[in-house]
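These notes concern the structure reproduced below.
Counting convention: from 1, in listed order, for ligands and their atoms alike.
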Amino acid sequence: MFKIIIKEKYEDLGVEANLLIRDLLQKKEDAVIGLATGSSPLGLYKAMIDDCQNKLTSYQKVVTFNLDEYIGLPIEHPESYRSFMERNLFCGLDLDPDNIHLPFAKDAEDEEACLTYEELIRRYNIDLQVLGIGTNGHIGFNEPKTSFDSPTHIMELTKRTRLDNQRFFDSLDDVPTHAITMGIATIMKAKKHVLLANGVNKAQAIYDMINGPISDEVPASILQKHPDVVVILDKEAAGKL
Ligand code: F6R
């Protein structure tokens, strides 16, 4: 079930989403939070850091799981999702480093890494998962046609996703071709989702997620079956609703 919140501008999305995190942490100081990378959650991460530094929240007992990680980039590469998270969130929170989890696969055949990550997530239970959405409707790096039953797995990225992410690299050739990602089944097990989207280039994917048929052509459409999804949009991303 979707609760849709439309805000005037990008900065408001993070503030709104942060209220949900604050609320969760007030009820459960050892909450398990799923995290995303990319541009959509940056405002949220800034708001989380502000709250933590102003002692409104504490992450000392919080456990985090990231959705995905590129394959083929060393962890210390500035565009690895580990580096992204360090730079944009972890550096400003009082998290215990042992409670931070990101998947990591050494190559596109590393099934062991998928099993290990899936197993670890199962031992916890994600209370709140932060999501963005791809222009092709992907969640995590679950590209169109991914099985709704998929656990953590390795995905070959579509040309469209690689083009969308090219802005972070010098050229398309530098954008990794594969990633390890929580599967759709993994994502659906989270108790609550907060999906953030901004900009006109997300409007069609948002429309299809909410109003389209549930189809593996639009992986995010499976969220229609989840009981608790808060969708926070700016006016442009909500433009087709
Ligand atoms: C990132 C992720 C992706 C992004 C999506 C949107 O961890 O899982 O699904 O959320 O590609 O990316 P941005 O926010 O950069 O538009």
Side-chain angles (χ1 to χ4, degrees), residues 7 9-11 13-14 17 33-46 64-71 73 75 77-90 100-105 114 117 121 126 128-146 150 152-169 175-188 190 193-206 208-209 216 218-223 229-234 236-238:
K7 293 286 179 186
K9 52 187 192 315
Y10 174 77
E11 293 74 57
L13 308 189
I33 302 181
L35 298 168
T37 50
S39 309
S40 309
L42 282 176
L44 166 63
Y45 294 164
K46 194 177 165 306
T64 69
F65 283 96
N66 264 78
L67 281 167
D68 41 23
E69 176 62 282
Y70 287 125
I71 294 177
L73 293 186
I75 275 180
H77 188 287
E79 296 309 331
S80 78
Y81 283 169
R82 165 71 71 168
S83 298
F84 175 97
M85 292 306 298
E86 291 292 347
R87 192 163 66 235
N88 293 300
L89 185 64
F90 300 153
I100 293 173
H101 305 97
L102 280 93
F104 181 81
C114 302
Y117 200 61
I121 295 174
I126 295 180
L128 183 151
Q129 174 69 53
V130 177
L131 292 173
I133 185 169
T135 55
N136 62 2
H138 73 212
I139 45 175
F141 268 139
N142 293 287
E143 300 283 38
K145 294 276 182 211
T146 303
S150 53
T152 298
H153 63 114
I154 287 167
M155 188 85 234
E156 181 170 6
L157 302 177
T158 58
K159 179 99 183 273
R160 182 150 171 205
T161 294
R162 293 181 64 236
L163 284 168
D164 283 345
N165 289 358
Q166 189 185 336
R167 66 192 191 280
F168 300 113
F169 294 86
V175 184
T177 55
H178 290 75
I180 178 170
T181 179
M182 281 189 206
I184 295 184
T186 327
I187 292 174
M188 286 297 279
H193 290 286
V194 180
L195 187 144
L196 298 158
N198 63 286
V200 68
N201 62 335
K202 297 291 174 73
Q204 188 63 47
I206 290 295
D208 292 342
M209 171 180 85
D216 61 9
V218 180
S221 63
I222 192 66
L223 293 170
V229 184
V230 181
V231 183
I232 309 178
L233 307 170
D234 72 354
E236 284 74 27

Side-chain contact test, heavy atoms from C-beta onward, threshold under 4.5 Å: evaluate it for [X] versus [Y] and give yes or no.
X    : Y    : result
K7   : L233 : no
H153 : T146 : yes
E79  : P176 : no

Determine the sole option in L67, T152, L102, D68 for which the side-chain contact (heavy atoms from CB on, under 4.5 Å) test with I180 is passed. T152
Looking only at side chains, do H138 and E143 share a donor and an acceptor under 3.5 Å apart?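 Yes, because at least one side-chain N or O of H138 sits under 3.5 Å from a partner of the opposite role on E143.
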Ligand 1: which protein N/O atoms lie under 3.5 Å from its N/O atoms?
residue, atom, partner, partner atom, Å
ligand 1, 7 (O), T37, N, 2.9
ligand 1, 7 (O), T37, OG1, 2.7
ligand 1, 7 (O), D68, OD1, 2.7
ligand 1, 7 (O), D68, OD2, 3.4
ligand 1, 8 (O), D68, OD2, 2.6
ligand 1, 8 (O), G140, O, 3.4
ligand 1, 9 (O), H138, NE2, 3.4
ligand 1, 9 (O), G140, N, 3.4
ligand 1, 9 (O), G140, O, 2.7
ligand 1, 11 (O), H138, NE2, 2.7
ligand 1, 14 (O), S39, N, 3.2
ligand 1, 14 (O), S40, N, 2.8
ligand 1, 14 (O), S40, OG, 2.5
ligand 1, 15 (O), S39, N, 2.8
ligand 1, 15 (O), R167, NH2, 2.9
ligand 1, 16 (O), K202, NZ, 2.7

Which of parallel (below 30°), tilted (30 to 60°) and perpendicular (above 60°) describes F141 and Y81?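 F141 vs Y81 ring planes: parallel.
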